[in-house]
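All chains are named by letter (A, B, ...) in the order of the sequence lines, taking the proteins before the strands, and each is independently numbered beginning at 1. Just so it is clear, the values below take in all heavy atoms, side chains as well, and ignore hydrogens, waters and symmetry mates.
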2 protein chains.
Amino acid sequence: MENLVESLKEQLKEKGYKLTTQRRIILDVILENQGKHLSPEEIYEKVRGKFPEIGLATVYRTLQLFEELNIIYKLNFNDGCSRYELNTNNGDHQHHHLICLNCGKVIEVQLDLLEALEEEIEKSREFKIVDHNLKFFGYCKDCKK
Amino acid sequence: MENLVESLKEQLKEKGYKLTTQRRIILDVILENQGKHLSPEEIYEKVRGKFPEIGLATVYRTLQLFEELNIIYKLNFNDGCSRYELNTNNGDHQHHHLICLNCGKVIEVQLDLLEALEEEIEKSREFKIVDHNLKFFGYCKDCKK
DNA sequence: TTAATTGCAAATGGTTTGCAATATT
DNA sequence: AATATTGCAAACCATTTGCAATTAA
């Protein structure tokens with residue numbers, strides 16, 4: 001996804017921000033770990049492998065920035081930290097998460113099927129929906145016994 | 001819902017726990033504020049009106065206990081604190097939340113319509129679903145302009 | 001009586017912030 | 001050169017914990 005680095009550069013320039021080594025490396029780490037839902041601490045550790053001088057605060061600030069730019073999404077799996085995933089743009093956040101209550105594993109489901117529900121809500125509640133977030137809790141194959 | 005206090009007493013006794021004044025008052029406050037999604041701090045303030053000696057830690061511990069007993073659900077609206085709602089048991093958590101990105105208002109939607117999706121997931125992913133959590137983000141009537 | 005519970009204060013841990021030094025434009 | 005960004009350490013703030021005193025059973 002080399003075009004994502006280009007797109008980042010453009011978006012930053014547009015807003016008067018700068019493309020720093022730190023920001024490029026953080027994006028690299030996120031790209032290299034698609035589907036992994038990394039936490040800020042985990043990203044920090046992986047970035048340190050490539051750029052040991054980086055500070056944790058920079059990681060937090062960069063993740064906030066990337067979220068504003070819609071490059072990533074913040075997730076909450078109730079495990080004590082926030083987690084992030086790449087916004088792949090292929091249909092706009094159209095997948096859900098299965099969270100195992102026993103082992104904590106998170107499985108992605110590439111299904112949406114919420115259109116009917118969204119339509120009904122938009123009509124009857126006068127609410128303009130721009131995003132959704134659906135999590136299922138239960139037990140994965142290994143933990144079902 | 002006087003029967004909820006009775007049910008609480010039974011559930012506590014069953015597990016060797018005690019029904020204290022604090023626990024009863026916290027349940028009262030939650031019952032009096034159904035649909036409000038109170039935070040621990042907000043519950044603490046309301047409980048203090050009836051029982052000024054209570055400590056914030058007791059509120060946290062009680063909310064944890066009530067969650068274990070399935071009396072309440074913990075919610076996360078990304079606003080910096082956890083929030084709780086009563087588990088009304090009338091169909092088991094079958095409603096969703098609309099969260100306004102402008103004013104932060106949370107609207108409940110009494111619709112489920114996720115059965116088809118759950119069925120498909122359970123079949124094809126070998127995942128036993130026990131709960132779900134669906135949030136829609138967007139703009140409410142007043143904030144749509 | 002005795003085991004669970006409480007209130008308090010201190011600790012924890014993820015996240016944010018102030019600031020002087022540094023890097024990008 | 002001007003301004004954004006960084007690393008560091010300290011601050012923040014929601015939540016948790018240790019403990020001696022208290023309370024429900």
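- Within 4.0 Å (heavy atoms only), Glu41(B) reaches no atom of the nucleic acid at all.
- Formation of a donor-acceptor pair under 3.5 Å by the Asp131(B) side chain with backbone atoms of Phe137(A) is not found in this model.
- Ser39(A) comes within contact range of no nucleotide atom at all, as no heavy-atom separation falls under 4.0 Å.
- Taking every heavy atom of both residues into account, Val106(B) and Ile99(B) meet most closely at CG2-CG1, 4.3 Å.
- Heavy-atom contacts of chain B under 4.0 Å fall on DNA chain C between two terminal nucleotides, which in 5' to 3' order are dA3(C) to dC8(C).
- A distance of 8.0 Å separates CG in Asn33(A) from CD1 in Ile43(A), rounded to the nearest 0.5 Å.
- Remark: Ala57(A), Thr58(A), Arg61(A) in residues 56-63 of chain A come within less than 4.0 Å of DNA chain D through at least one heavy atom.
- Qualifying side-chain contact (heavy atoms from CB on, under 4.5 Å) partners for Leu111(B), counting only residues two or more places apart in sequence or in other chains: Leu117(A), Glu120(A), Ile121(A), Arg125(A), Val109(B), Leu113(B).
- With sequence neighbours excluded, the residues that form a side-chain contact (heavy atoms from CB on, under 4.5 Å) with Glu119(A) are Lys123(A).
- When only modelled atom types and interatomic distance are considered, Glu108(B) and His96(B) share no side-chain donor-acceptor pair under 3.5 Å.
- For Glu45(B), the salt bridge (Lys or Arg N to Asp or Glu O under 4.0 Å) partners at least two apart in sequence or on another chain are Arg48(B).
- When the side-chain contact (heavy atoms from CB on, under 4.5 Å) test is applied to Lys141(A), the partners found at least two apart in sequence or on another chain are Glu126(B).
- Side-chain contact between Glu85(B) and Ile72(B) is absent, with no heavy atoms from C-beta onward closer than 4.5 Å.
- A distance of 6.0 Å or more separates the ring centres of Tyr84(A) and His37(A).
- In the helix from dT1(C)-dA25(D) to dT25(C)-dA1(D), the terminal helix axes, each the rotation mapping four pairs' C1' atoms onto the next four within five end pairs, subtend 40°, rounded to 10°.
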Extract all donor-acceptor atom pairs below 3.5 Å that involve side chains of residues 8-31 of chain A and protein atoms in other chains or at least two apart in sequence.
| residue | atom | partner | partner atom | Å |
| --- | --- | --- | --- | --- |
| Thr20(A) | OG1 | Arg23(A) | N | 3.2 |
| Arg23(A) | NH1 | Lys18(A) | O | 2.6 |

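- Spacing between atom CG of Asn76(A) and atom C1' of dA14(D) amounts to 14 Å, rounded to whole angstrom units.
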Under 3.5 Å, side-chain donor or acceptor atoms of residues 49-68 of chain A against the rest of the protein: list the pairs with distances, not counting sequence neighbours.
| residue | atom | partner | partner atom | Å |
| --- | --- | --- | --- | --- |
| Lys50(A) | NZ | Glu32(A) | OE1 | 3.1 |
| Lys50(A) | NZ | Glu32(A) | OE2 | 2.7 |
| Thr62(A) | OG1 | Thr58(A) | O | 2.7 |

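- Residues meeting the side-chain contact (heavy atoms from CB on, under 4.5 Å) test with Cys103(B), sequence neighbours left out: Cys100(B), Lys105(B), Cys140(B), Cys143(B).
- Within residues 12-26 of chain A, the residues having any heavy atom closer than 4.0 Å to DNA chain C are, in order of number, Lys18(A), Leu19(A), Thr21(A).
- To the nearest 0.5 Å, atom CG of residue Leu38(A) and atom OG of residue Ser82(A) are 11.5 Å apart.
- Remark: Glu118(A) CD to His132(A) NE2 distance equals 5.5 Å, nearest 0.5 Å.
- For residues 47-55 of chain A, proximity to DNA chain D is found at Phe51(A), Glu53(A), Ile54(A), Gly55(A), defined as any non-hydrogen atom under 4.0 angstrom from a strand atom.
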